[in-house]
Amino acid sequence: MLIPAHHFRDIERKPEYLQPEKCIPPPHPRPAGTMWFIRDGCGIACAIVTWFLVLYAEFVVLFVMLIPSRDYVYSVINGLVFNLLAFLALASHCRAMLTDPGAVPKGNATKEFIESLQLKPGQVVYKCPKCCSIKPDRAHHCSVCKRCIRKMDHHCPWVNNCVGENNQKYFVLFTMYIALISLHALIMVGFHFLHCFEEDWTNLLQAYGLTREETAEARISLHEIKQPLKVSSTECSSFSPPTTVILLILLCFEGLLFLIFTSVMFGTQVHSICTDETGIERLQRKKQRRERRGSWKSVKETFGGDFSLNWFNPFSGPRHPKPLSDRDWVRQVSSVSDTENTETTTTTTEEPSEEPKNEAFVEVVDE
């Protein structure tokens, strides 16, 4: 028995669904300025886990390492830096999750709209059979968002959204700031362990009224000392030593894992921006050839203009893309025969239709 998702997918693949006459625009289009949010259970859970892990790191850094420290300058400086990076990381995460990645208007592949484009010989429009929309160049359909996304790189469950034309900057900033706070936390944990070991050793010697040299000369060992130790550990942590060790070890594991993961993602995204090639286009490189823009121009378009501090500001959006014109929906092919070949290869999995082909089917290609 098929689940409803499979049932709907089979309906979308029926030949009558692929006809432009059957594409009806949604009755209530989204008004301008409406917040974008994907109702995906897995993505929402991953986003909540992301916030929980950042807040856990915040808790350990503040209440285990910085607040109990007697070096106030060290605590204030590292506290300000870590909290600033954490705030920017969470702000970038919200912007990446709640920003429209570049969704194509749904249901615009109607017969009237296609006829209004006035296609000339050698021109075609590509129609998505799943969301019934005309796909501009470099647009791809996302099965989770259920929309076609312009310059779609991939769908990231950690931000519960696609990474596309309008929110790639926020995703890059999110990975960068997460990598920075992970590295900062690991460095502070290393200094904390070294400081506490040295502090405990110093307190141990002071408890017996000895110096390091006297201890070495007398060769005193803990087994030879019968009296109990009374060394306070509140100078290194407000928690008991076992709890402190467990919290720091978990923070080390989390920091190391996310440092590696986000660093790789950050490098991948920067490479995609510089080469003007998304992750999907990289996989389809052998099938599709296109002219790429310069790397610096692509970087400026992604981050919103010439280099400035706004590049690192998640509250400053990228350069607003130009609205799609009629010619943006149309693609050029070398000949009409190429169009027919493309249509044949892309619709081989569909059931044969008994209706005769008209001129619209020569110009409309299901992709």
Side-chain angles (χ1 to χ4, degrees), residues 46-99 156 158-161 163 166-196 236-239 244 247-248 250-270 273 299-300 302-319:
C46 290
I48 294 175
V49 169
T50 301
W51 275 67
F52 172 79
L53 293 176
V54 174
L55 294 179
Y56 170 78
E58 181 81 15
F59 170 79
V60 176
V61 168
L62 289 180
F63 295 98
V64 177
M65 292 189 290
L66 296 184
I67 293 180
S69 176
R70 293 181 300 177
D71 190 344
Y72 297 106
V73 176
Y74 172 85
S75 298
V76 170
I77 293 177
N78 284 278
L80 289 177
V81 172
F82 186 85
N83 281 276
L84 177 61
L85 293 176
F87 172 75
L88 293 174
L90 294 179
S92 301
H93 182 270
C94 286
R95 293 301 300 272
M97 180 173 58
L98 303 178
T99 300
C156 179
W158 296 104
V159 298
N160 188 33
N161 201 0
V163 178
N166 296 342
N167 67 341
Q168 190 173 26
K169 170 189 174 179
Y170 308 130
F171 183 77
V172 172
L173 293 180
F174 168 68
T175 57
M176 182 185 71
Y177 288 130
I178 289 294
L180 289 178
I181 64 174
S182 299
L183 178 61
H184 190 200
L186 290 174
I187 293 175
M188 284 192 292
V189 169
F191 277 108
H192 189 77
F193 271 120
L194 293 177
H195 170 73
C196 284
C236 284
S237 175
S238 302
F239 301 91
T244 301
L247 292 175
L248 292 178
L250 291 177
L251 179 61
C252 285
F253 178 77
E254 174 193 345
L256 184 61
L257 179 64
F258 278 91
L259 175 62
I260 297 175
F261 176 74
T262 55
S263 297
V264 172
M265 290 301 300
F266 175 77
T268 303
Q269 290 298 306
V270 171
I273 295 174
V299 171
K300 291 195 297 183
T302 301
F303 288 92
D306 296 329
F307 178 78
S308 65
L309 291 179
N310 284 329
W311 279 23
F312 308 98
N313 181 13
F315 300 100
S316 175
R319 181 177 298 175

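The figures here come from the full heavy-atom set of this structure, side chains too, leaving out hydrogens, waters and symmetry mates. Throughout, residue positions are numbered sequentially from 1 according to the sequence presented.
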Worksheet item: Between T175 and F261, is a side chain to side chain contact (heavy atoms under 4.5 Å, CB included) present by the stated rule, with each step listed?
Response: CA-CA 9 Å; T175 57; F261 176 74; over 6 Å; no

Worksheet entry | Check: V61 and L251 side chains under 4.5 Å, non-hydrogen atoms | yes

Fill in: Contact check, side chains of T262 and F266, non-hydrogen atoms, under 4.5 Å
no

Discussion item. If you apply the rule side chain to side chain contact (heavy atoms under 4.5 Å, CB included), what do you find for F171 with M265, and how did you get there?
Written reply: CA-CA 9 Å; F171 183 77; M265 290 301 300; 3.7 Å; yes

Discussion item. I'd like to check V189 versus F193 (side-chain heavy atoms, cut-off strictly below 4.5 Å). Are they in contact?
Written reply: yes

Practice prompt. Report yes if the side chains of I178 and V54 come closer than 4.5 Å at any heavy-atom pair, otherwise no.
Written response: yes

Worksheet item: In Å, rounded to the nearest 0.5 Å, how long is the span from CZ of F82 to OG of S75?
Response: 13.5 Å

Response to the item:
Minimal heavy-atom distance between A96 and N167, with the atoms involved, is O-ND2, 3.1 Å

Response to the item:
On a heavy-atom basis, the closest approach of R95 and P314 is NH1-O, 3.0 Å

Fill in: Side chain N78, main chain M188, donor-acceptor under 3.5 Å
no

Worksheet item: What distance separates N160 CG from M97 CE, expressed to the nearest 0.5 Å?
Response: 6.5 Å

Worksheet entry | Nearest-0.5 Å distance that lies between atom CG in L248 and atom NE2 in H192 | 5.5 Å

Worksheet, complete the sentence: Closest non-hydrogen contact found for L62 with N83 is CD2-ND2, 3.9 Å

Item to complete: Hey, could you give me the CD1/OG distance between I187 and S182, rounded to the nearest 0.5 Å?
Response: 11.0 Å

Discussion item. Counting only heavy atoms not in F191 (residues, nucleotides, ligands), do more than 12 fall under 6.0 Å from its CZ?
Written reply: no

Discussion item. How long is the straight-line distance from CG of L84 back to NE2 of H184, given to the nearest 0.5 Å?
Written reply: 11.0 Å

Worksheet item: Does any N or O in the side chain of K169 come within less than 3.5 Å of the main-chain N or O of S316, such that one atom is a donor and the other an acceptor?
Response: yes

Worksheet item: Got F312 and L88 here, is their nearest side-chain heavy-atom distance under 4.5 Å?
Response: no

Discussion item. When you measure from the side chain of Y170 to the backbone of V163, do you find a donor-acceptor pair of N or O atoms at a distance under 3.5 Å?
Written reply: no

Worksheet, complete the sentence: Paired with W311, the side chain to side chain contact (heavy atoms under 4.5 Å, CB included) test is passed by just one of D306, V299, T302, L173, namely V299

Discussion item. Can you classify the ring geometry of W158 versus F258 as parallel (below 30°), tilted (30 to 60°) or perpendicular (above 60°)?
Written reply: perpendicular

Practice prompt. Answer whether the closest heavy-atom distance between the side chains of L90 and Y177 falls below 4.5 Å.
Written response: no

Item to complete: State whether the side chain of S69 and the backbone N or O of M65 hold a donor-acceptor pair below 3.5 Å, judged by distance alone.
Response: no

Worksheet entry | Q269 side, atom CD; C156 side, atom SG - distance, nearest 0.5 Å | 9.0 Å

Discussion item. Just so I know, are the side chains of T50 and F174 near enough to count as touching, which here means a heavy-atom distance under 4.5 Å?
Written reply: yes

Worksheet item: Considering residues, nucleotides and ligands other than Y74, do more than 12 of their heavy atoms fall under 6.0 Å from its OH?
Response: yes

